4 protein chains.
Amino acid sequence: MSRLDKKQALLDTALTLFVSQGFHATSTASIAKQAGVATGTLFHHFSSKDELMKQLFLSIKQEFANAIKGQISQKGDIKADAQHLWQVAINWAIENPLKQEFFQQYSMSPSIPAAIRQQAMNDILSFMGELILQGQKTGELAHYPLSLMQESCHGQFLAATRYFLDHPETWENDEHKQASFSMFWNAMKA
Amino acid sequence: MSRLDKKQALLDTALTLFVSQGFHATSTASIAKQAGVATGTLFHHFSSKDELMKQLFLSIKQEFANAIKGQISQKGDIKADAQHLWQVAINWAIENPLKQEFFQQYSMSPSIPAAIRQQAMNDILSFMGELILQGQKTGELAHYPLSLMQESCHGQFLAATRYFLDHPETWENDEHKQASFSMFWNAMKA
Amino acid sequence: MSRLDKKQALLDTALTLFVSQGFHATSTASIAKQAGVATGTLFHHFSSKDELMKQLFLSIKQEFANAIKGQISQKGDIKADAQHLWQVAINWAIENPLKQEFFQQYSMSPSIPAAIRQQAMNDILSFMGELILQGQKTGELAHYPLSLMQESCHGQFLAATRYFLDHPETWENDEHKQASFSMFWNAMKA
Amino acid sequence: MSRLDKKQALLDTALTLFVSQGFHATSTASIAKQAGVATGTLFHHFSSKDELMKQLFLSIKQEFANAIKGQISQKGDIKADAQHLWQVAINWAIENPLKQEFFQQYSMSPSIPAAIRQQAMNDILSFMGELILQGQKTGELAHYPLSLMQESCHGQFLAATRYFLDHPETWENDEHKQASFSMFWNAMKA
DNA sequence: GATGAATGAGGATTCATTCAT
DNA sequence: GATGAATGAATCCTCATTCAT
């Protein structure tokens with residue numbers, strides 16, 4: 001196993017264990033063991049357990065951001081754009097259930113320093129903020145306070161993914177995905 | 001300080017500390033100390049730290065449920081009913097910021113056994129489920145899967161309270177409360 | 001074993017082990033075990049291993065200071081006073097070999113924070129400083145810089161006790177004690 | 001950097017760090033890093049951390065011995081010889097404050113195996129022992145037990161250098177150096 | 001019921017040392 | 001010889017819980 005493989009193995013294992021047992025209930029020793037490396041190796045790659053959590057959080061957030069941002073078409077049809085992004089985001093969550101569950105659990109948790117959470121949230125939400133502003137300019141979106149609308153986006157996304165993750169039989173059901181988008185869009189539209 | 005006073009002091013202190021430091025970062029000793037009782041006394045009232053958390057969670061949930069349920073008017077005008085309930089719920093959150101923050105942090109956290117969370121969630125959501133079904137019957141609400149709509153309600157409520165708690169200057173602003181309700185209602189309506 | 005007994009047992013055991021194995025080579029677990037208490041108990045009485053060392057150092061210093069200070073006669077005959085104090089100090093060292101050895105090892109060691117060492121040293125040396133100044137006034141002691149003379153006192157005392165501790169067969173030999181005093185006195189006298 | 005340069009860099013860095021932080025608080029990794037070599041390289045030159053300490057101790061001791069021994073004139077005037085040696089020794093300490101501080105800290109410390117300390121001490125003290133015996137033969141020095149006098153020499157030297165190192169403003173003051181010698185000589189003389 | 005000293009298992013972290021490259 | 005990632009035993013310390021007073 002190469003250097004980077006070990007670091008990745010540690011991140012992967014930490015994700016699994018943090019989601020299934022919780023951050024504090026997961027010992028660094030158990031992460032290392034299940035990742036197939038020695039205890040000390042974890043601290044060779046991450047200066048502390050908190051640092052491991054931080055890097056895990058930021059890397060997953062980045063992965064999600066990359067999946068989404070690459071899909072912005074900017075064709076000008078805001079509703080079509082929004083629908084496409086919603087689909088992509090929901091699909092990412094369905095395809096990465098562990099990572100989505102991680103977000104559900106830790107987006108509001110004090111296990112991640114508030115500053116890190118804020119920063120990560122801002123990165124995602126600021127990109128959404130621009131889309132919202134644009135939609136308000138064209139008159140397609142409602143003129144509510146920006147941060148209220150951002151929180152609503154985030155909240156609806158978490159709610160929708162919770163539904164899909166809790167009901168795996170719906171994963172192929174486009175009607176339900178469409179329903180989740182309708183609720184989202186109706187909430188936001190003018 | 002009487003017997004019940006001590007128990008309540010422990011619950012109050014636990015709420016404050018769990019919210020500000022997190023469940024695992026808060027020692028039972030520090031809760032007892034700040035509540036003004038001895039370490040052992042905590043274990044007279046609660047068989048374990050987990051039991052304390054469980055009772056805290058259920059008591060806050062109950063308090064919220066009482067505040068809401070007492071307000072159901074059942075006049076038949078679903079939108080008016082919904083608007084009233086939304087107001088009451090948002091106001092409760094604004095008046096109990098610590099308890100609302102507690103929900104934000106622990107509703108999805110593994111610090112509370114899944115079974116307890118489920119049960120609490122069902123209590124609230126089932127009552128909402130009935131309202132939704134009723135609205136669907138009258139044709140005022142959209143015919144999406146029930147649990148999707150329940151999750152959406154919950155998610156929108158958390159999003160709205162997050163907005164209000166993060167922006168205390170908006171607490172008296174009825175326009176913003178109205179905006180939050182509009183988003184919620186538009187998402188749900190037929 | 002009572003509360004204070006346990007604390008004292010920990011101090012006594014720490015003294016023995018720190019002297020025989022060194023501070024860092026002595027684990028807190030081994031101190032607790034040999035003192036007959038649980039690991040956690042050590043940290044109930046001392047907030048950290050460093051704090052234990054600090055209290056041990058200060059308590060032994062205090063014990064020595066008490067043994068000496070109670071013996072200052074102030075009859076006015078400086079040489080006789082000095083001789084008496086020297087005897088008392090040497091005898092204390094011979095009767096408390098472990099504590100004397102502790103001073104030999106840790107008076108200059110970074111295992112004890114410099115500030116603590118300084119403070120302890122000043123307490124002892126300041127009382128000696130007064131005696132020296134008095135002797136200089138009467139013309140019986142040499143007029144060298146005060147701190148040089150203090151260091152010399154301290155150094156000679158450590159040297160003499162090292163000699164006596166390394167040669168237990170000399171403990172009853174008053175001639176040798178007299179010799180050590182002569183060297184000390186001749187160094188200091190005018 | 002050549003092979004020997006690296007070894008010397010490691011010894012120099014170890015000296016600095018051992019004195020400023022203490023032996024146990026200094027990790028081999030930090031020594032290697034600050035010396036500009038890789039962690040493993042330290043273990044090419046020294047089989048263990050203890051071995052590094054041992055070589056450091058012996059090399060400094062040797063350096064001091066060389067500085068002193070080269071200066072023995074053997075003109076027969078014992079007091080003049082002693083005064084010259086005292087000057088040389090004090091000057092060496094002033095010119096090598098780090099190394100002198102190292103002696104202050106580690107001459108009595110269990111960080112250096114007793115056997116090594118003894119051996120080093122004997123090397124220096126045995127050479128002094130001969131001078132003392134010689135002085136006793138001519139009647140110029142007191143007839144106290146040899147090891148008591150040796151310990152006294154050592155103790156006075158440490159005391160004097162402590163004074164000079166703690167008061168750098170006295171480094172050029174010959175009067176003070178003379179004072180320190182007087183105390184030393186008066187202690188030893190017949 | 002209340003107290004708080006005592007417990008000891010458990011956890012994060014360090015670090016001397018090794019060894020494959 | 002030099003490197004530095006990897007190792008894992010060892011250490012300090014925490015903390016939920018117990019129980020004698």
Side-chain angles (χ1 to χ4, degrees), chain A residues 1-7 10 24-33 36-52, chain B residues 1-4 6-7 23-33 36-53, chain C residues 1-7 10 24-33 36-52, chain D residues 1-4 6-7 23-33 36-53:
Chain A
M1 193 156 38
S2 88
R3 192 179 179 302
L4 285 179
D5 283 347
K6 290 195 177 176
K7 183 165 185 178
L10 284 164
H24 276 98
T26 304
S27 71
T28 53
S30 71
I31 298 172
K33 191 173 184 180
V37 303
T39 340
T41 305
L42 188 154
F43 292 91
H44 205 70
H45 291 285
F46 308 95
S47 60
S48 68
K49 192 185 180 185
D50 282 340
E51 176 67 18
L52 166 59
Chain B
M1 194 154 43
S2 87
R3 196 180 173 299
L4 283 179
K6 289 195 178 175
K7 182 165 184 178
F23 178 69
H24 276 97
T26 303
S27 68
T28 52
S30 71
I31 298 171
K33 189 175 184 181
V37 303
T39 341
T41 305
L42 190 152
F43 290 89
H44 273 296
H45 294 284
F46 308 96
S47 61
S48 70
K49 191 186 181 185
D50 282 339
E51 176 66 19
L52 165 59
M53 176 51 125
Chain C
M1 191 156 39
S2 88
R3 191 179 181 300
L4 285 178
D5 284 348
K6 290 196 177 176
K7 183 165 184 179
L10 285 164
H24 276 98
T26 303
S27 71
T28 53
S30 72
I31 298 172
K33 190 173 184 180
V37 303
T39 341
T41 305
L42 189 153
F43 293 92
H44 203 70
H45 291 284
F46 308 95
S47 59
S48 69
K49 192 185 180 186
D50 281 340
E51 176 67 18
L52 166 59
Chain D
M1 194 154 44
S2 87
R3 195 180 175 299
L4 283 179
K6 290 195 178 175
K7 181 164 185 178
F23 177 69
H24 276 96
T26 303
S27 68
T28 52
S30 71
I31 298 171
K33 189 174 185 181
V37 303
T39 340
T41 306
L42 189 153
F43 291 89
H44 273 296
H45 294 284
F46 308 96
S47 60
S48 70
K49 192 186 180 186
D50 282 338
E51 176 67 18
L52 165 59
M53 177 50 124

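Remember, it's a predicted structure, so these values are computed and weren't measured experimentally. Reminder, nothing fancy here: chain letters follow the sequence lines and each chain counts from 1.
- When all heavy atoms of C:Lys6 and C:Val37 are compared, the pair lying nearest together is CD-CG1, 3.8 Å.
- In this entry F:dA20 has E:dT3 as its Watson-Crick or G-U wobble partner, both defining distances falling under 3.5 Å.
- Across all strands, D:Ser47 comes closer than 4.0 Å to no nucleic acid atom at all (heavy-atom distances).
- When rounded to the nearest whole Å, the span between NZ of C:Lys7 and C1' of E:dA6 equals 15 Å.
- Rounded to whole Å, atom P of E:dA16 lies 9 Å from atom NE2 of D:His24.
- Set against F:dC12, F:dT7, E:dT3, the side chain of C:Ser27 has F:dC12 as its closest nucleotide.
- Computed from coordinates, the A:Lys33 NZ to E:dG11 P distance equals 12 Å when rounded to whole Å.
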* Under the side chain to side chain contact (heavy atoms under 4.5 Å, CB included) criterion, do D:Thr28 and D:Leu52 qualify, and how do the steps go? -> CA-CA 10 Å; D:Thr28 52; D:Leu52 165 59; 5.9 Å; no
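- For A:Thr28, no side-chain nitrogen or oxygen approaches OP1 or OP2 of E:dG11 to under 4.0 Å.
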Exercise answer: donor-acceptor pairs, residues 40-48 of chain D side-chain atoms, under 3.5 Å, sequence neighbours excluded:
from, atom 1, to, atom 2, distance (Å)
D:Thr41, OG1, D:Ala38, O, 3.4
D:Ser48, OG, D:Asp50, N, 3.4
D:Ser48, OG, D:Glu51, N, 3.1

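- Here E:dT17 is the nucleotide among E:dT17, E:dT3, F:dT7 with the atom lying nearest to any side-chain atom of D:Ser48.
- For D:Lys49 and E:dT18, the NZ to C1' distance is 17 Å, given to the nearest whole Å.
- One finds a side-chain N or O of C:Lys6 lying less than 4.0 angstrom from the OP1 or OP2 phosphate oxygen of E:dT7.
- Between the CG atom of A:Leu52 and the P atom of E:dG11 there is a distance of 16 Å, given to the nearest Å.
- Counting to the nearest Å, the P atom of F:dT17 and the CD1 atom of B:Ile31 are 11 Å from each other.
- The distance from atom CD1 of D:Ile31 to atom OG1 of D:Thr39, rounded to the nearest 0.5 Å, is 11.5 Å.
- C:Ser30 comes within 4.0 angstrom of nothing in the nucleic acid, heavy atoms only.
- One interatomic measurement links the two molecules: CG of A:Leu10 to P of F:dA6, which rounds to 9 Å at whole-angstrom precision.
- Near-neighbour residues of DNA chain F inside residues 38-46 of chain D, defined by a heavy atom below 4.0 Å, number-ordered: D:Ala38, D:Thr39, D:Gly40, D:Thr41, D:His44, D:His45.
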